[in-house]
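To start, the structure itself, in C-alpha cells.
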Amino acid sequence: FQAEDGIRDSVASRGLGDVYKRQAIGGELRSVPLHWATRQGHLPMVVLLMRHGADPTYKDGEGCNCLHLAAQLGHTAIVAYLVAKGCEVNGPDVNGMSPLMWACFKSTSGADPTRLLIRLGASTTATDSTHGNTPLHWAVTGRNQHAIGLLSEKPNVDFHAVNLNGETPIDIFQAQITLTSQQNKKKLEEAENEGKPPPPLQQFFVPKKIRDRFEALYPTPTSSNFNS
C-alpha cells in the first residue's frame, strides 16, 4: 500500500511521528487518518497510527470516534484492540449512541462485534440522547437478527422500554412486520398487473424468543411474514 509506505517513510524521516500527531482532517467526513484506517478495517495501520500518537477518541465530522466506526462496520478485531487500549466501551458519540447501539443498528452480517461488546461490558440498557432508544430498539430497527437474538438472552433487557417517541422494541417489531407485509403485497399486485410471475418476497427473520413475545402481545399478525 503506497499510503502506508508513505506514512512509514515520514515517521522514519521525522523520528517523532509528527504525521500521526497532527491529526490532519480530510474528506467530507472530516476524518483523520486513524478514522480512515478504521473504516477500511485495516488493523495493522490502526496499530501503527496509534503507536505514533494518533488519538482513537477523536471524533469525526459526524461525531463518531474510532470505536463507534469499528462497531458500525463490523470490524471486530479493531473493536477488541481499541477497547484493550483503553477506549471506553460505553462511550457515547455526539448523539449519545454507544458502540453497542451502532453495532446493533448497522453491523447486521454476524453476531460480532455485538457479542464481543456485550462480553466486554457494554450496557444493554443504556439509551441514546436523540431517540431514547436502547440497543434492542436499534437492533429491531436495523432488522439485525443476530443482535436481537443476543439481547433476548440477557435478563436485564426490557422489551417494553419506551423511547422518546413512545415506542417499545415490540412496537417497532410490529411496525417492521406490518411494513414487510405491505411491501410484499405491493410487489405481488404489481407483478399481477404486469402479467409477471410472483417475485421473491421479503422476510423478516427473527429469533423464536422475540417472535413468541411479539405474538403474545399482538396475536393477530399473519405469521407467514416472518421466520425464525
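For the numbers below, each heavy atom of this structure counts, side chains included, while hydrogens, waters and symmetry mates do not.
If you check the side chains of Thr38 and His35, you find no donor sitting under 3.5 Å from an acceptor.
Arg39 and Ser31 make their closest contact through NH1-OG, 2.8 Å (heavy atoms, listed as atom of the first residue, atom of the second, distance). Nearest approach of Leu69 to Cys64, heavy atoms of both residues: CD2-CB, 4.0 Å. Minimum interatomic distance between His137 and Pro169 (heavy atoms only, all atoms of both residues): NE2-CD, 3.3 Å. Nearest heavy atom pair, residue Val79 against residue Ala71, reads CG2-N, 3.8 Å. Summarising the geometry of Pro56 relative to Ala54, their closest heavy-atom pair is CD-O, 3.4 Å, with the distance given to 0.1 Å. Counting all heavy atoms, side chain and backbone alike, Pro199 lies closest to Ala191 at CD-CB, 3.7 Å.
A donor-acceptor contact shorter than 3.5 Å links the side chain of His68 to the backbone of Gly91. Without hydrogens or angle criteria, Asn65 side chain to Leu67 main chain gives a donor-acceptor distance under 3.5 Å. With Gln176 contributing its side chain and Arg143 its backbone, the two residues share no donor-acceptor pair below 3.5 Å. Judged by distance alone, with hydrogens and angles left aside, the side-chain atoms of Asn165 form no donor-acceptor pair with the main-chain N or O of Glu167 at under 3.5 Å. Put simply, the side chain of Ser129 gets close to the backbone of Asn95: a donor and an acceptor are under 3.5 Å apart.
The side chain to side chain contact (heavy atoms under 4.5 Å, CB included) test with Cys66 singles out one residue from Leu49, Asp60, Leu82, and that residue is Leu82. Partner Trp138 forms a side chain to side chain contact (heavy atoms under 4.5 Å, CB included) with one of Asn144, Ile172, Asn163, Asp128 and no other, that one being Asp128.
The shortest distance between side-chain heavy atoms of Pro135 and Cys104 falls below 4.5 Å.
To the nearest 0.5 angstrom, Thr127 atom OG1 is 11.5 Å from Met97 atom CE.
Applying the side chain to side chain donor-acceptor pair (under 3.5 Å) test to Asn156 and every residue at least two apart in sequence or in another chain returns Thr124. Considering only residues two or more places apart in sequence or on other chains, Thr178 meets the side chain to side chain donor-acceptor pair (under 3.5 Å) condition with none of them. Taking the side chain to side chain donor-acceptor pair (under 3.5 Å) definition, one finds that Glu189 meets it with nothing, sequence neighbours left out.
Within the structure, the side-chain hydrogen bond (donor to acceptor under 3.5 Å, both in side chains) test picks out the following pairs touching residues 110-119 (sequence neighbours left out): Asp112-Arg115. Sorted by first then second residue, the salt bridge (Lys or Arg N to Asp or Glu O under 4.0 Å) pairs that include residues 192-201, not counting sequence neighbours, are Glu194-Lys196. Screening residues 71-94 for side-chain hydrogen bond (donor to acceptor under 3.5 Å, both in side chains) gives Asp93-Trp102 as the qualifying pairs, with residues at least two apart or on separate chains.
Connection of Leu151 to Val89 is established within a shared hydrophobic cluster, with ILVMFWY side chains joined at heavy-atom distances below 4.5 Å, either directly or through further cluster members. Both Ile78 and Leu48 are assigned to one and the same hydrophobic cluster, defined by single-linkage of ILVMFWY side chains at heavy-atom distances under 4.5 Å. There is a path of hydrophobic side-chain contacts, each under 4.5 Å, that joins Val140 to Leu100. A continuous path of Ile, Leu, Val, Met, Phe, Trp and Tyr side chains, each step under 4.5 Å between heavy atoms, connects Ile118 with Leu136, placing both in one hydrophobic cluster. When the side chains of ILVMFWY residues are joined at heavy-atom separations under 4.5 Å, either directly or via intervening members, Val47 and Val83 end up in a single hydrophobic cluster.
Counting heavy atoms of neighbouring residues, nucleotides and ligands inside a 6.0 Å radius, atom NZ of Lys106 does not exceed 12 of them. Under a cut-off of 6.0 angstrom, the local environment of CD in Gln183 is crowded, with over 12 non-hydrogen atoms contributed by other residues, nucleotides or ligands.
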Start with the C-alpha gap between Val94 and Glu62, add the side-chain angles, then the distance that decides, and say whether side chain to side chain contact (heavy atoms under 4.5 Å, CB included) holds. CA-CA 8 Å; Val94 71; Glu62 295 183 331; over 6 Å; no

Quick one, Asp171 with Thr168, criterion side-chain hydrogen bond (donor to acceptor under 3.5 Å, both in side chains). Give me CA distance, side-chain angles, the key distance, then yes/no. CA-CA 5 Å; Asp171 294 329; Thr168 68; 3.2 Å; yes

